[in-house]
Amino acid sequence: MGKNDQTINSEKIQRMEDICRARGLSLTHQRLALLHSLIERTDHPTTDQLFDDLKESIQGLSRTTVYRILETFVRAGLVVKISSPQAKARFDANTSRHHHVSCLQCGQVADLEVSGFDLPSFPKNHPSGFQLYDYAITFSGLCLRCQHSSNQ
Ligand SMILES: [Zn+2]
Ligand SMILES: [Zn+2]
């Protein structure tokens with residue numbers, strides 16, 4: 001039968017460590033801790049949330065460091081950055097292409113499956129001169145909790 005989450009996560013961490021090695025990214029204690037934290041959370045955390053997760057266990061960690069490591073991960077293709085209408089960027093360790101929905105009121109971001117929006121292919125080399133790597137679709141709306149709180 002299916003593997004438990006822990007096995008899947010440790011495989012994922014293994015795979016990410018391999019990518020880091022292949023790209024010459026050294027896996028410092030801080031980077032590794034952040035990677036683990038990102039893989040464990042599926043709620044698309046913000047920089048602040050990740051910082052809160054780790055500040056107790058990593059002495060001297062700053063928000064800026066967390067932000068810098070996240071940007072490094074994004075450039076290395078380890079993590080996807082999701083922009084939301086609330087200016088705060090969120091991060092996702094699930095790098096397979098999928099859609100998101102962002103709540104306009106509370107800012108939470110969730111994965112969303114919508115039929116009819118399946119992954120059109122795109123030209124890697126665009127006439128504009130840009131080399132295209134990826135794209136993202138983010139829907140916006142109100143989550144269940146916010147719908148109820150605005151009905152009161
Ligand atoms: Zn909401
Ligand atoms: Zn996601």
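All ligand and atom numbering here is 1-based and tracks the order in the structure.
- Ring geometry for His44 against His98 counts as tilted: the plane angle lies between 30° and 60°, on a 0 to 90° scale.
- Taking the Zn ion (ligand 2) as reference, Asp92 places its N/O/S atom OD2 nearest.
- Neighbouring protein atoms of the Zn ion (ligand 1) (N, O or S, distance under 2.8 Å, waters ignored): Cys103 SG, Cys106 SG, Cys143 SG, Cys146 SG.
- The distance from atom OG1 of Thr46 to atom CZ of Phe91, rounded to the nearest 0.5 Å, is 8.5 Å.
- Side chains of His100 and Ile137 form no contact here, defined as non-hydrogen atoms less than 4.5 Å apart.
- Salt-bridge annotation for Lys88 and Asp48: present, with a side-chain N of the basic residue lying under 4.0 Å from a carboxylate O of the acidic one.
- In this structure, NE2 of His98 and NE2 of His100 enclose an angle of 90° at the Zn ion (ligand 2), rounded to 10°.
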- Message: Quick one, Phe73 with Leu38, criterion side chain to side chain contact (heavy atoms under 4.5 Å, CB included). Give me CA distance, side-chain angles, the key distance, then yes/no.
- Response: CA-CA 11 Å; Phe73 285 166; Leu38 267 167; 4.2 Å; yes
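- The Zn ion (ligand 2) is the vertex of the angle joining NE2 of His44 and OD1 of Asp111, which measures 80° to the nearest 10°.
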- Item | Test log, rule side chain to side chain contact (heavy atoms under 4.5 Å, CB included), inputs Leu78 and Cys20 | CA-CA 8 Å; Leu78 288 166; Cys20 286; 3.5 Å; yes
- Task: Please lay out, stage by stage, how Ile13 and Leu35 fare under the test side chain to side chain contact (heavy atoms under 4.5 Å, CB included).
- Result: CA-CA 7 Å; Ile13 287 168; Leu35 212 50; 5.6 Å; no
